[in-house]
Amino acid sequence: MQIQMLGTGGAFAKKYSNNNALIEVEGFKLLVDCGITLPRSLHDAGYSFNDLDAVLISHMHADHVGGLEEYAFQMMFRYGKKPVLYIADTLVEPLWEQTLRGGLTQEPLNALSDFFDVRPIKEGESYEIHPEIRVKLIRTDHIAGKLSYSFLFNENFFYSADMKFDGGLLKELIEDGVSTIFHDCQLVSPGVVHASLDELLTLPEDIQEKVWLMHYNDNMEEFVGRTGKMRFVEQFAVYEIKT
Ligand SMILES: O=c1ccn([C@@H]2O[C@@H]3COP(=O)(O)O[C@H]3[C@H]2O)c(=O)[nH]1
Ligand SMILES: [Zn+2]
Ligand SMILES: [Zn+2]
């Protein structure tokens, strides 16, 4: 599968767009998270919302869901379609009640299902999004009391939601055959609600070699050469992931 980051920035980054991605297999395009800057970064990458086949959501922060209102409106009023939305079953209600309802509600439209073809998915179960794209949600720790789900694609590509450092999970994933990890990274410690670079640097080198850093702040360039065996993912570059 191919992955192109439409943005690689942290929530407050201005040089880099929100950390959202496009996964593509055989022409099928899956958007991974849809933040505030996504409508612009999707356009800059040469795509329209109508080119997307589905969207997958990790958690309820605006750099991950803030572009969904425009996605819904464009699909309804410009293209006359309902986009396919994959989301944890536990986040379906919060997405509507706490995030989208205010902007999208207008009589007679008053439910998430009026705008999206909602496909709720359960943590820990494998779902086929396309014959060549399977996803499993792994609940990972981000903010106390706030649900957040990282993604395991095709059993061997781990894409972190925003998450605190969890070295045990990363070791387990590698033991289970994961060969590529895209991980959020707070460059300056403490990480607080993200994995910090210092924490990620405690990983053994054979794991670091598999780690690509994303969701970074505008000072990323100061850290080039200071990330051990880990590499930075670059906005708009296309990466081929062997799965
Ligand atoms: O308890 C908190 C909650 C939030 N924040 C900041 O707000 C941002 C929201 O998006 P994010 O999850 O990408 O990153 C978060 C942090 O930068 C924080 O520092 N501490
Ligand atoms: Zn974020
Ligand atoms: Zn977050």
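As the structure lists them, so they are numbered: ligands from 1, and atoms in each ligand from 1. Remember, predicted model here, so these are calculated numbers, not experimental data.
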Donor-acceptor pair between Y149 and T90 side chains, under 3.5 angstrom: yes
Which atom of H215 approaches the Zn ion (ligand 2) most closely (N/O/S): NE2
Sub-6.0 Å ring centroid separation between Y71 and F115: no
Enumerated ligand 1 atoms positioned under 4.0 Å from heavy atoms of H142: 12 (O)
Salt bridge flag under 4.0 Å for residues E155 and R134: yes
F232 and Y216 aromatic centres sub-6.0 Å: yes
Nearest non-hydrogen protein atom, atom 5 (N) of ligand 1: V193 CG2, 4.3 Å
Residue D162 vicinity, atoms of ligand 1 by number, heavy atom under 4.0 Å: 11 (P), 12 (O), 13 (O)
Subset of ligand 1 atoms that lie under 4.0 Å from at least one heavy atom of I143: 3 (C)
Side-chain donor-acceptor pair present, T37, N18, cut-off under 3.5 Å: yes
The Zn ion (ligand 3) neighbourhood, protein N/O/S only, threshold under 2.8 Å: H59 NE2, H61 ND1, H142 NE2, D162 OD2
Minimum-distance protein heavy atom relative to atom 7 (O) of ligand 1: F12 CZ, 3.5 Å
same_hphob_cluster(L52, I129) at 4.5 Å side-chain heavy-atom cutoff: yes
N-O pairing of D89 and K122 below 4.0 Å: yes
Selection from S148, A11, G10 by shortest heavy-atom distance to atom 10 (O) of ligand 1: A11
Donor-acceptor pair between N156 and T243 side chains, under 3.5 angstrom: no
D63: numbered ligand 1 atoms lying under 4.0 Å from its heavy atoms: 10 (O), 13 (O)
Salt bridge present between R139 and E123 (N-O < 4.0 angstrom): no
Ligand 1 contact on N19 by region, counting heavy-atom pairs under 4.0 Å: neither
Within the 6.0 Å centroid threshold, strictly below: H64 and H215: yes
Atoms in ligand 1 with a heavy atom of H194 nearer than 4.0 Å: 11 (P), 12 (O), 13 (O), 14 (O), 15 (C)
Trace of the salt bridge (Lys or Arg N to Asp or Glu O under 4.0 Å) decision for D117 with K82: CA-CA 6 Å; D117 175 355; K82 270 189 198 178; over 6 Å; no
Numbered atoms and elements of ligand 1 in range of H215, under 4.0 angstrom, heavy atoms: 13 (O)
